[in-house]
Engineer: 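Structure in structure tokens, see below.
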Protein chains: 2
Amino acid sequence: MNQRQTVAERGGADRSGKNGDGAERHEEIHRSISDAIIEHRLRPGARLREDALADVFGISRTGIRKILQRLALEQLVTLTPRRGASVTRPTAEEAKDVFDARQMVECGLMPEVARRIGDDDLRELRDMARRERQALKSGEQSTAIRLSADFHTRLARISGNATLADFVERLCSRSSLILAVYGNPGHLGCESHDHDDLIGYLETGNGERARAFMSRHLKAIEASLSIVEEEAEAPDLHRIFSD
Amino acid sequence: MNQRQTVAERGGADRSGKNGDGAERHEEIHRSISDAIIEHRLRPGARLREDALADVFGISRTGIRKILQRLALEQLVTLTPRRGASVTRPTAEEAKDVFDARQMVECGLMPEVARRIGDDDLRELRDMARRERQALKSGEQSTAIRLSADFHTRLARISGNATLADFVERLCSRSSLILAVYGNPGHLGCESHDHDDLIGYLETGNGERARAFMSRHLKAIEASLSIVEEEAEAPDLHRIFSD
DNA sequence: GGCTGCCGATATGTATACAATGATCGTGCA
DNA sequence: TGCACGATCATTGTATACATATCGGCAGCC
């Protein structure tokens, strides 16, 4: 009894077959929006109207609201009462918190990752690093950014601790937002060869080296940002015109 | 308990008067349910029917669903498609992950906490520890459990890193669930004087001592559990009757 | 007598309708 | 001409109605 004839795939996008199971469809939409944010196709501050999204994805506002709420808990979108949803614009303080958290968790995970990493993992990580380099070379910044976040997340998952891996995943998503706001154009977060070097340390089982390298790696990303609190919200006119 | 039947009978007239802002009301309900779970008044596995909750809190199912979803993302309740919501029953693996995560984050936070702690914080922490001891002595287990989780959360928040503090808060909530499933009755997680000792180390600014003590403290809690995977969900009949 | 399959009851999933609120634009007055 | 006030509009918040899947019981059949 697998007939599911009542799912109307309106909106012209029949993606990945006809498996339009509600939950999976929602998952898919969540991922679509999430990816768009992480890849900077939706910039911080962009408004996300429920009607428009409902129209685009061919479901009703009810489902969209559910997804927006989830994105809000993941801190990718900000829900302002009566004003709707918009892509979160991280503050300088949040940026610092996120990178401090990454220092603690990602570095702390490295020894365990080095212990548990297997050949399959190494192969996959190398492939991801390769695709990232390739994307960078061909100027596909969006793809490179997402692959970089995917790389860090995948790494954390090798540790076997799902709770910490989920946390790292969210931190990486938020980092992507931070890059969008405070990053310098043309200078992407991760150096192109860093990830390859990291894989090398992990392959030889040198957890402490990997930890130290990850620490430098993250510090380098953070240092590449120009974090200046832009007071776009309420510009201090007095200060600006005080001369 | 109350005669809360159909508050919105006459439209918005009564709402403008009592300042019953929807968002705050939702927050309140979320907290009510959350507390009930953390305090073990709702045991793992308990079903949470939408209709019943809607009836109890006097709002419609729409609002309840929103809250249940949030609780699900916080991993306090489990949402099974078509089966509804129930209080999460953590697996042994999840329990291990949660305590490993707490080791990494809470211990890692101690030096910074020791650096930033102030007199107000110390006063408040002492008060919390005192109330916890008192609750334990008078047999109010529910209160003691919640106060213990509050203590750890409050501690993390002193670090100034909101992201990590939120994470710790969620880990503590989940720990409370873990205690409900794997804890031994009569032997609560935290020793009654541990928290006071910890405050002592923090007061003298000895971050490393505090970190080491926190590590022992968490290990002690974890050791007090009897983590045996009970396969009540889907007993493996083949394995059981294989002889 | 036990197992299987159907059927009603119950609860959830989804969409839509309506209400309320904040934003925008136009008009009137100083 | 500029500002303030008011009406309209756009958008979200909430509730309810309808569709659909699951669970428990009962009867019929092997």
Engineer: Nearest 0.5 angstrom please: Lys66(A) NZ to His30(A) NE2, how far?
Structural biologist: 12.0 Å
Engineer: Whole Å only: how far is the CG atom of Leu53(B) from the C1' atom of dT12(C)?
Structural biologist: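 Leu53(B) atom CG is separated from dT12(C) atom C1' by 13 Å.
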Engineer: Between His152(B) and Glu106(B), do the side chains contain a donor N or O and an acceptor N or O under 3.5 Å apart?
Structural biologist: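 A donor-acceptor contact under 3.5 Å links the two side chains.
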Engineer: Take the protein atom CZ of Phe57(A) and the nucleotide atom P of dT14(C), then report the distance between them rounded to whole Å.
Structural biologist: 16 Å
Engineer: Using atom CD of Glu50(A) as one end and atom P of dT14(C) as the other, report the distance to the nearest whole Å.
Structural biologist: 16 Å
Engineer: Measuring from Leu73(A):CG to Asp166(B):CG, what's the distance to the nearest 0.5 Å?
Structural biologist: 11.0 Å
Engineer: When you measure from the side chain of Ile59(B), which nucleotide among dA15(D), dT12(D), dG13(C) comes out closest?
Structural biologist: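 When the side chain of Ile59(B) is considered, dA15(D) is the closest of dA15(D), dT12(D), dG13(C).
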Engineer: Grab the N/O contacts between the protein and nucleotides 22-24 of chain C below 3.5 Å, and write none if there aren't any.
Structural biologist:
{"from": "dA23(C)", "atom 1": "OP1", "to": "Arg83(A)", "atom 2": "NH1", "distance (Å)": "3.1"}

Engineer: Answer with yes or no whether the side chains of Thr88(B) and Thr78(B) bring together a donor and an acceptor at under 3.5 Å.
Structural biologist: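 The criterion, which ignores hydrogens and geometry beyond distance, is satisfied for Thr88(B) and Thr78(B).
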Engineer: From the set dG13(D), dT11(D), dA15(C), return the single nucleotide nearest to any side-chain atom of Arg49(A).
Structural biologist: dT11(D)
Engineer: Measure the distance from CG on Asp55(A) to C1' on dA15(C) and round it to the nearest whole Å.
Structural biologist: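 In whole Å, dA15(C) C1' lies 15 Å from Asp55(A) CG.
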Engineer: Enter the distance from Ser60(A):OG to Glu50(A):CD here, rounded to the nearest 0.5 Å.
Structural biologist: 10.0 Å
Engineer: Roughly how many Å is it from CZ in Arg25(B) to C1' in dA15(D), rounded to a whole number?
Structural biologist: 16 Å
Engineer: Enumerate the residues from residues 73-80 of chain B whose closest heavy atom to DNA chain C is under 4.0 Å, giving them by residue number; use none for an empty result.
Structural biologist: none
Engineer: Under the side chain to side chain contact (heavy atoms under 4.5 Å, CB included) test against Val98(B), which residue among Arg170(B), Arg174(B), Glu93(B) passes?
Structural biologist: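 That would be Arg174(B).
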Engineer: Are Asp51(B) and Arg61(B) side-chain neighbours, meaning at least one heavy-atom pair lies under 4.5 Å?
Structural biologist: yes
Engineer: Arg154(B) pairs by salt bridge (Lys or Arg N to Asp or Glu O under 4.0 Å) with which of Asp121(B), Asp120(B), Asp127(B)?
Structural biologist: Asp121(B)
Engineer: Tell me the closest heavy-atom pair linking Ser173(B) and Ile38(B), and the distance in Å.
Structural biologist: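 Heavy atoms only, the tightest pair is OG-CD1, 3.6 Å.
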Engineer: For the pair made of CD in Glu24(B) and P in dG13(D), what is the distance, rounded to whole Å?
Structural biologist: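 Whole-Å distance recorded here is 15 Å.
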Engineer: A side-chain contact here means heavy atoms from C-beta on lying under 4.5 Å apart; do Leu48(B) and Val87(B) qualify?
Structural biologist: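 Answer yes - side chains close enough.
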Engineer: Identify the two heavy atoms, one from Arg25(A) and one from Phe57(A), that lie closest to each other, and give their separation to 0.1 Å.
Structural biologist: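 Between these two residues, the closest heavy atoms are NH2-O, 2.9 Å.
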Engineer: Just to be sure I understand the geometry, which residues of residues 61-69 of chain A put a non-hydrogen atom under 4.0 Å away from DNA chain D?
Structural biologist: Arg61(A), Arg65(A)
